[in-house]
Amino acid sequence: MAEPLIVARQLVKRFGEFTAVDGIDVEVQPGEAFGFLGPNGAGKSSTMRMIGCVSPVTSGTLRLFGMDPATHGSQIRARIGVVPQLDTLDVEMSVQENLWIYGRFFDLPRAEAKRRAAELLEFAQLTDRAGSVVENLSGGMKRRLSIARSLINNPELLLLDEPTTGLDPQARHVLWDRLYRLKQQGVTLVLTTHYMDEAEQLCDRLVVMDQGRIVAEGSPRDLIERYSTREVLELRFSAGTNSDSITGVHGIGDRQELLPDRVLVYAHDGEAALAEAHARGLQPESALVRRASLEDVFLLLTGRSLAD
Amino acid sequence: MSTNFLRIVPTAYATDSFRVRRPQRMIERHLVAYRRQWLIVVSGFFEPLFYLLSMRAGLGDLVGSVSVGGKAVPYDAFVAPALMASSAMNGAIFDSTGNVLHRLKYARIYDAALATPMGPADVALGEIGWALIRGQLYACSFLGVMAALGLVQSWWSLLALPACALIGLAFASVGFAGTTFMRSWSDMDIVTTAMMPLFLFSATFFPTSSYGSWAWVVQISPLYHGVALVRSANAGVWTTSILAHIAVLVGLSAVALFVAARRLDSLLRK
């Protein structure tokens, strides 16, 4: 196996008394799409900032391309692309200028920077907006421009911090398509997300983070098989009776989970579980049988839903 | 091993942060960004010019001449170098406070730059370099106007340009360092409040002697040392005190630059 691109051992990040990242071990192989999954405050962004060499490691070791960010930050950053959680596009410049000026920060010759800028505009489907001021772009376009900008140095590793948060479904799908193409070109992707569908779509392997720690690791499919049943029955009861209903479903399926707005029943066969609930005389306002997702894995591992 | 590691990391980071490789990239970014805002750049030239014209028209006849290092010079030729020095200060402060605060906290230009091989020292020096370039443009054009109005005394006056560069360096560094401590736009009022007395009490409009027993207060003002330099250059009168003025401005620049790069590092690399 090739040497891992990222190696973290017992990685810790503290801000004063607060421990944001609490001793995580991570390895990312070249060409992999790797995800950090977790709710807000789980330590994903702090981890990403350390990997992006803009945040010093408190303790533990971190190596990218075999180099230490503390001593070779600049050299490492020359080989990675970063899409931050909030766009840091330059609003005083046009779309095109945003790209080639950023290329200059990587010491690209001006002609080369402009050539790549034109290519990336094509890739990000922004060619017809090349001369526009950044402020006039839609959220999805800004995000695509951020991704295009992060690619100006032909990075071997692309870091994406919640790439599609705040975008409408259509814009998300366009973005996923672009990321998928990059992956096919051999770019290593590391992303954070709190969207299950995003993790399932994009990640070969992911870790679930909670309160600064890694609570599970594997492929999306692995994790679902390991931590959840095949299917889930979702029952909604009329307002106020939700919490009383949990006793009613007791014993149905493998596990039951009470959420503020619904009751989840984990079962191999969701329809059978629903039939049993009806047989017991339960009268939910609505019932839904679906396949288990990463959301369920997270709920089982941490006792909390990702939306918290 | 782990405690040893802890001790090494911050210093190792510091060396990476303080290495200067490509500050000129920041300047290049500004050149492109200001292509759309050239009017703002041009406007900076007019304020000191209006001051100069009003002083010449209004006060010149009333005051007569003033002594610079024992040499009598007409009042407008006395005030002009001080206005030149003040505009060097104003330009440097303007570029290194409000604009920097905007890029640091709101536009997040520096966050974007630091995700590249650029480091905090590149950003700080690039910003200060930009302020210097802009300041030199104003200084050159101001000197041109002075020459046209017959206020330039000799070829020595050309040394007013490096003097203004030094003033620009000192105030841009101080401005940048100060801005890293600002929390929001309201802190910009402090800058305005601090600059007014500097402008008025730096032997700008009167010689030091007219401050009487309060003359020592004037010497605290960094601008005073800048005014003295530009004035000496324009009059072509050189004394050993020039070295002290240069030393004050160089020292101030060095300390402020160090603080600026350090603060920028701790702000952006949390």
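Naming convention: chains lettered A, B, ... in sequence-line order (proteins, then strands); numbering from 1 in each chain.
Ranked by heavy-atom pairs under 4.5 Å with chain B, the list A:Val82, A:Asp90, A:Asn153 is led by A:Asp90. With chain A as partner, the option from B:Thr116, B:Leu268, B:Leu114 having the largest number of non-hydrogen pairs under 4.5 angstrom is B:Thr116.
Annotation for A:Arg213: atom CZ does not count as buried by contact number, only 12 or fewer foreign heavy atoms lying within 6.0 Å. Within 6.0 Å of atom CD in A:Gln125, more than 12 heavy atoms from other residues, nucleotides or ligands are found, so the atom counts as buried in its surroundings.
Panel note: side chain A:Ser55, backbone B:Lys270; a donor-acceptor pair is recorded below 3.5 Å.
A:Ser138 pairs by the side-chain hydrogen bond (donor to acceptor under 3.5 Å, both in side chains) definition with nothing, not counting sequence neighbours.
Contact of the B:Arg29 side chain with the A:Met93 side chain is registered, since non-hydrogen atoms from C-beta on lie closer than 4.5 Å.
Heavy-atom distances place the backbone of A:Leu89, and not its side chain, under 4.5 Å from chain B. Residue contact with chain B, scored on non-hydrogen atoms closer than 4.5 Å, involves the side chain of A:Arg149 exclusively. Residue A:Ser94 touches chain B through both its backbone and its side chain, counting heavy-atom pairs closer than 4.5 Å.
Residues of residues 166-191 of chain B lying under 4.5 angstrom from chain A, judged on non-hydrogen atoms, do not exist here. Residues of residues 100-112 of chain A lying within less than 4.5 angstrom of chain B, judged on heavy atoms, are A:Trp100, A:Ile101, A:Tyr102, A:Arg104, A:Phe105, A:Phe106, A:Asp107, A:Arg110 in numerical order. Contact residues of residues 85-113 of chain B toward chain A are B:His102, B:Ala107, B:Arg108, B:Ile109, B:Asp111, B:Ala112, B:Ala113 (heavy-atom distance under 4.5 Å).
Of the inter-residue distances, the one linking A:Ser74 atom OG with B:Arg22 atom CZ reads 5.0 Å to the nearest 0.5 angstrom.
Classification of B:Arg36 and A:Glu97 as a salt-bridged pair holds, one side-chain N sitting under 4.0 Å from a carboxylate O.
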